[in-house]
S.K.: 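Once you've had a glance at the structure underneath, I'll fire off some questions.
Residue numbering restarts at 1 for every chain, and letters A, B, ... go by the order of the sequence lines.
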2 protein chains.
Amino acid sequence: MQSYTEENYLKTIYHLAEKTINVQTNAIAEQMQTKPASVTDMIKKLADKGLIDYIKYQGVTLTETGKNTAIDIVRKHRLWEVFLVDKLNFKWDEVHDVAEELEHIKSIELIERLDEFLGFPKADPHGDPIPDKNGRFAKTQFIKLIELKVGDSGTITGVSQHSSPFLKHLEKLGLTLGKQIQVSDVTDFDGSVEIRLSDKQVNISREVAKHILISSNGKN
Amino acid sequence: MQSYTEENYLKTIYHLAEKTINVQTNAIAEQMQTKPASVTDMIKKLADKGLIDYIKYQGVTLTETGKNTAIDIVRKHRLWEVFLVDKLNFKWDEVHDVAEELEHIKSIELIERLDEFLGFPKADPHGDPIPDKNGRFAKTQFIKLIELKVGDSGTITGVSQHSSPFLKHLEKLGLTLGKQIQVSDVTDFDGSVEIRLSDKQVNISREVAKHILISSNGKN
DNA sequence: TTTTATTTTTAGGTAAATCTAAAAATTATT
DNA sequence: AATAATTTTTAGATTTACCTAAAAATAAAA
């Protein structure tokens, strides 16, 4: 059994490990809003518990057990987000903080029943995949909107940025999950992308386009 | 803002205060499964924060602020219990422990929306009243089943014992909330009570009868 | 009203998770 | 390869919520 704090460390390490193989002390500290010295203390503890492999000065990697634990927390987090949006009518930019708390409620039965109640969703309100109870992810085929060529079309199925301002911005533009889009133009000058929606045309910056994930319908 | 532990102390004191005016250190310790010395430490802290009034060796009482905080936790606890039973199909004897965790999730918005989602319930699965967001309880008119005379009838609207064995026992006998009952006999020998239900007749011990709450339809 | 029993508090200590400041190891730069 | 910069670790403290053991206050009994 892990403490609240240990769970948060594991989750953070898990997410950082998606970018780099060996996760560094400073990276964890920054993510957890704490000091490197505190991280060193905690990673020693997690290593003692067999949840991470740790070589001094070389960063850490999750063990099989550690990874499973982390995935379980991610699962809970995302299921709660679905609950908040689908059942309690929260907006997709409002759910993160509450889900951060809910993810630590430790009842397996609760999560299984919640999963069922929600209809076994495969993705959270931001399009992030929800692992099943065995920790397996449905494999998804995402492409960044920025990578589309003029004429390409697809469906918005995720975002790779979860900040409230970003999500509110998308909402305002009508760029929400499930929307069908087509790239109608790319501006040479600033790389901004013009997008055709069913009912309108919007222009988004390169920066925004980077963080929108599309499940492609292929070329036009 | 209170810590998880502080909230549990306040809740415990609140419940104990339903029985006695001044809540004693030992009573809190027993309820919280901790030692009196630890309780003394904590009640000093809560007194410093203005959540309880505390006179050394004389026990404690909740201040207005403390009481409001406690009621808010009770509200959350009971709303979550309704969620677990009504939406996730937990049995009434299975919800307590999970609700003990969920009650500490600190988002006002969450609870308001949950309340609405559940249809603003007035009582939890055990018949305990749920305070509204201003901390006000709908006043209820309960009488203990044990106090009914032969011939009296009423509706089961609550229980004053929440242990799983007790609740499972009632479930097996068909004595669940909302059931219409009539007392058909009281045994002189052991004080056990014979009860007529719509479809059957059951016999319950005095001890069980003490913990069933009836909203009376008056005498027969 | 002493004596005894119970309750409560104090004193001093522990474990978890944090911190600051300084030392050590690693990596990058000249 | 030596020096500088960065990263990481150690050492020593702090805070929260506990604990045990002993002292003090209160309540009950002789």
S.K.: Just to confirm, is there a sub-4.0 Å distance from OP1 or OP2 of C/dT20 to any side-chain nitrogen or oxygen of A/K35?
M.R.: yes

S.K.: Can you measure A/I55 atom CD1 to D/dT8 atom C1' for me and round it to whole angstrom units?
M.R.: 14 Å

S.K.: Could you tell me whether the side chain of A/T157 and the main chain of A/S215 form a donor-acceptor pair under 3.5 Å?
M.R.: yes

S.K.: Measure CE/B/M1 against P/D/dT15 and give the value in whole Å, please.
M.R.: 21 Å

S.K.: Under 4.0 Å, counting only non-hydrogen atoms across every strand here, what does A/S38 touch: a base, just sugar-phosphate, or nothing?
M.R.: base

S.K.: Does B/T25 reach the main-chain N or O of B/T40 with its side chain, forming a donor-acceptor pair under 3.5 Å?
M.R.: no

S.K.: In the 5'-to-3' direction, what one-character label does each nucleotide of nucleotides 21-27 of chain C receive under the scheme B = base within less than 4.0 Å of a protein heavy atom, S = sugar-phosphate only, - = no such atom?
M.R.: B--BSS-

S.K.: Can you tell me if the side-chain N/O atoms of A/T25 get under 4.0 Å from OP1 or OP2 in D/dT9?
M.R.: yes

S.K.: Among D/dT7, C/dC19, D/dT9, which is the nearest nucleotide to the side chain of A/T40?
M.R.: D/dT9

S.K.: Would you call the rings of B/F83 and A/W80 parallel, tilted or perpendicular, where under 30° means parallel and over 60° means perpendicular?
M.R.: tilted

S.K.: Please state how far atom CG in A/D41 lies from atom P in D/dT8, giving the value in whole angstrom units.
M.R.: 15 Å

S.K.: Rounded to the nearest angstrom, tell me the gap between atom CG in B/D48 and atom P in D/dT16.
M.R.: 11 Å

S.K.: Can you tell me how far P of C/dA16 sits from CG of A/N8, to the nearest Å?
M.R.: 17 Å

S.K.: Measure from NZ or CZ of A/K87 to the centre of the six-membered ring of A/F117 and say whether it is under 6.0 Å with the direction within 45° of the ring axis.
M.R.: yes

S.K.: What pairs with A/D188 under side chain to side chain contact (heavy atoms under 4.5 Å, CB included), at least two apart in sequence or on another chain?
M.R.: none

S.K.: Any side-chain N or O of B/T34 under 4.0 Å from OP1/OP2 of D/dC19?
M.R.: yes

S.K.: Taking atom C1' of D/dT8 as reference, at what distance in whole Å does atom CD1 of A/I28 sit?
M.R.: 11 Å

S.K.: Between C1' on D/dT16 and OH on B/Y9, what's the gap in Å once rounded to a whole number?
M.R.: 11 Å

S.K.: Could you check which of C/dT18, C/dT10, C/dT9 has an atom nearest any side-chain atom of B/K44?
M.R.: C/dT10

S.K.: Taking the nucleotide of DNA chain C with the closest heavy atom to each, which residue, A/M32 or B/V23, is nearer the 5' end?
M.R.: B/V23

S.K.: Set out, in order, the CA-CA distance, both residues' side-chain angles and the distance that settles salt bridge (charged side-chain N to carboxylate O under 4.0 Å, His left out) for A/K76 and A/D72, then state yes or no.
M.R.: CA-CA 6 Å; A/K76 290 181 200 164; A/D72 193 50; 3.6 Å; yes

S.K.: Under 4.0 Å, counting only non-hydrogen atoms across every strand here, what does A/Y54 touch: a base, just sugar-phosphate, or nothing?
M.R.: sugar-phosphate

S.K.: Go through C/dT10, D/dC18, C/dT8 for me and flag the one nearest to the B/Q24 side chain.
M.R.: C/dT8

S.K.: How many Å lie between CG on B/N26 and C1' on C/dA5, as a whole number?
M.R.: 13 Å

S.K.: Could you check whether any side-chain N or O of A/N22 sits under 3.5 Å from a backbone N or O of A/Q58, counting only pairs where one atom can act as donor and the other as acceptor?
M.R.: yes

